[in-house]
Amino acid sequence: MNNLVIDWFPIPPLILEIGFILLAVALFRFARVLGELLEIIQKPPLEALVVVAAVVLILTFVIPHYIASAVFYPNRDASTTMWDYLNLFRTISFVGMLVAAVLVAIPSAMYLWWTSR
Amino acid sequence: MLIGTKPLALARYGRYLTLAFLALACFSFGPMLAHAAPSPSVVINEYYAPVGGDRQAQWIELVNRSTDPILLNGWTLATSNQEFALPAITLKAGGPASNGADFVLITFNQDRVRAAFPAISGTTTIPLNLGEGVLNPAADMLLLRAPGGTIADEIGWGPVDKSWKNAAFTADDRRAPVLDRDHANGDPLLKSMGRLPDGKDTDSASDFVVRDSPSPAGKLPPPSLDNTDLRKRPTDYISVVAGVLLWIGFVMVALIARRFQNLSGQNTYWQALLIAPVGILIYTWIQAAAFFNHNAMTDQEKWTGFPILLLSAILCIYVISVFRRIAGRYLEGTR
């Protein structure tokens with residue numbers, strides 16, 4: 001495969017990437033609050049999981065989705081290999097989002113459970 | 001006097017200057033005009049003629065780049081030594097950038113091409129019924145002429161033979177690489193040459209690239225099974241579960257803020273925290289509907305779902321920052 005077409009600013013997918021980066025920033029901020037709340041009730045620092053979730057969201061959703069939109073999607077007519085990569089990166093993206101969501105939910109649920117008793 | 005002589009000199013010599021300029025322009029641009037037509041609406045988009053490949057399966061694909069329907073009546077397609085009149089069929093409007101791009105496939109042996117590329121079923125074809133392709137995979141050319149003989153498009157490959165009937169119409173900068181055999185094992189490459197993206201036209205051979213998977217009439221063969229049936233559907237479900245779980249994660253932030261409000265008596269605006277992530281749910285719903293109804297999101301669905309998610313993310317940052325500030329201030333005071 002030669003002469004790959006690269007769309008550096010794939011619109012509208014870029015809007016989605018920016019949206020998820022901002023969600024990751026929101027998670028970083030939430031982790032700070034949760035850390036302080038957990039400290040008060042003297043529980044383990046589970047807010048680290050929220051920080052990991054934000055990093056996972058960027059590394060496994062935003063970046064693969066951007067690569068798929070910028071590289072594989074514009075070249076999808078050139079080769080079935082591009083479709084294979086598109087499907088692979090699509091799977092990586094959503095599995096990454098699932099892992100991130102679980103990592104956010106666990107410490108939040110634990111805090112609510114601890115404070116309900 | 002001096003002021004008056006300038007216009008006089010210009011008037012005297014102006015006509016000679018104009019004639020000289022026109023002569024220079026004709027001399028400079030004449031050869032270029034012989035090769036390039038003004039912004040062709042129909043172009044040769046892809047061709048299949050690999051060295052050592054099945055000559056009966058050769059084909060040439062044309063595409064209508066314009067936003068107007070084009071009647072091919074009077075158009076001709078020539079190779080190095082032959083010329084074929086195209087039938088009076090109409091290529092519907094639709095640029096190659098849109099999904100409505102209209103391709104037409106010229107075949108030499110219709111049945112053989114259909115057998116080799118079953119995906120083309122139902123597409124517009126021009127069967128020349130010659131039994132076997134006339135393209136020389138090692139060196140040849142394609143010349144598309146509009147009514148009146150104007151050259152609309154041209155592409156060639158391999159060394160030019162001066163004895164070709166149409167040799168005068170091929171230009172050096174329009175010679176693409178030959179689809180030669182695999183040097184490692186000598187097998188035919190079974191690839192095509194095509195514009196990437198479809199319809200790209202800068203009047204250069206560099207518009208054409210080797211296509212690993214020929215896509216006659218814009219139809220790619222179906223991707224391998226392991227990447228569609230076995231991975232596609234589970235990913236669709238994962239995308240829905242992941243989206244809903246992420247939304248639940250942000251809803252929990254609102255519940256934590258509500259509990260903090262109940263315990264501390266501080267207003268945390270937890271209702272805003274509950275509403276802000278709704279965009280994640282809307283995006284997930286639009287995406288799921290698209291995946292399960294037509295396998296992928298359309299541009300319209302993307303333009304609806306993605307900005308809603310972006311707006312939701314901005315709101316989430318804002319309301320979480322507010323909660324963080326309120327909680328931080330209260331906790332500082334209690335220490």
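Every value quoted in this text rests on a predicted model; they were computed, and no experiment measured them. The sequence lines fix the lettering, A, B, ..., with proteins before strands; numbering per chain opens at 1.
- Residues A:Pro107 and B:Met252 are not in side-chain contact: their nearest non-hydrogen atoms beyond the backbone lie 4.5 Å or more apart.
- Considering only heavy atoms from C-beta on, A:Met97 comes within 4.5 Å of A:Leu57 through its side chain.
- Using a 4.5 Å cut-off on side-chain heavy atoms (C-beta onward), B:Val104 and B:Glu61 make no contact.
- Counting heavy-atom pairs under 4.5 Å between each of B:Leu245, B:Ile314, B:Val253, B:Val251 and chain A puts B:Val253 at the top.
- For the set B:Gln287, B:Met297, B:Glu46, the entry with the most heavy-atom pairs within less than 4.5 Å of chain A is B:Gln287.
- Chain B forms the most heavy-atom pairs under 4.5 Å with one residue out of A:Val50, A:Ile11, A:Leu98, and that residue is A:Leu98.
- Contact of B:Glu301 with chain A is not made at all, since no heavy-atom distance falls under 4.5 Å.
- Using a 30° and 60° split on the angle between ring planes, B:Phe208 and B:Tyr47 fall in the tilted class, from 30° to 60°.
- Comparing A:Val33, A:Leu27, A:Leu16 by how many heavy-atom pairs each has under 4.5 Å with chain B, the most go to A:Leu16.
- Residue with the most contacts toward chain A among B:Val241, B:Ile280, B:Leu246, B:Leu255: B:Leu246 (heavy-atom pairs, distance under 4.5 Å).
- A salt bridge links B:Asp236 with A:Arg90; the closest basic N to acidic carboxylate O contact falls under 4.0 Å.
- A:Leu34 touches chain B through its side chain: at least one heavy atom from C-beta onward sits under 4.5 Å away, while N, CA, C and O do not.
- Looking at A:Ala109, both its backbone and its side chain come within 4.5 Å of chain B, counting heavy atoms on both sides.
- One N or O on the side chain of B:Arg195 and one on the backbone of B:Ile44 form a donor-acceptor pair closer than 3.5 Å.
- When heavy atoms are compared at a cutoff of 4.5 Å, B:Tyr318 does not approach chain A at all.
- The main-chain N or O of A:Pro13 is never found under 3.5 Å from a side-chain atom of A:Tyr66 such that the two would form a donor-acceptor pair.
- When the side-chain hydrogen bond (donor to acceptor under 3.5 Å, both in side chains) test is applied to B:Ser264, no partner is found at least two apart in sequence or on another chain.
- A 4.5 Å side-chain heavy-atom check between B:Tyr269 and B:Phe323 finds every atom pair outside the cut-off.
- With a threshold of 4.5 angstrom between heavy atoms, B:Leu311 does not approach chain A through any atom at all.
- Contacts of A:Phe28 with chain B are absent, with no heavy-atom separation under 4.5 Å from either backbone or side chain.
- Taking the six-membered ring where the residue is Trp, A:Phe20 and A:Phe61 present tilted rings, their angle falling between 30° and 60°.
- If you measure heavy-atom distances from B:Arg259 to chain A, the contacts under 4.5 Å come from the side chain alone.
- Proximity to chain B involves both the backbone and the side chain of A:Ser116, based on heavy atoms less than 4.5 angstrom apart.
- No other option in B:Ile256, B:Ile320, B:Val244 has as many heavy-atom pairs under 4.5 Å with chain A as B:Ile256.
- Looking at A:Arg32, the atoms closer than 4.5 Å to chain B (heavy atoms on both sides) all sit in the side chain, from C-beta outward.
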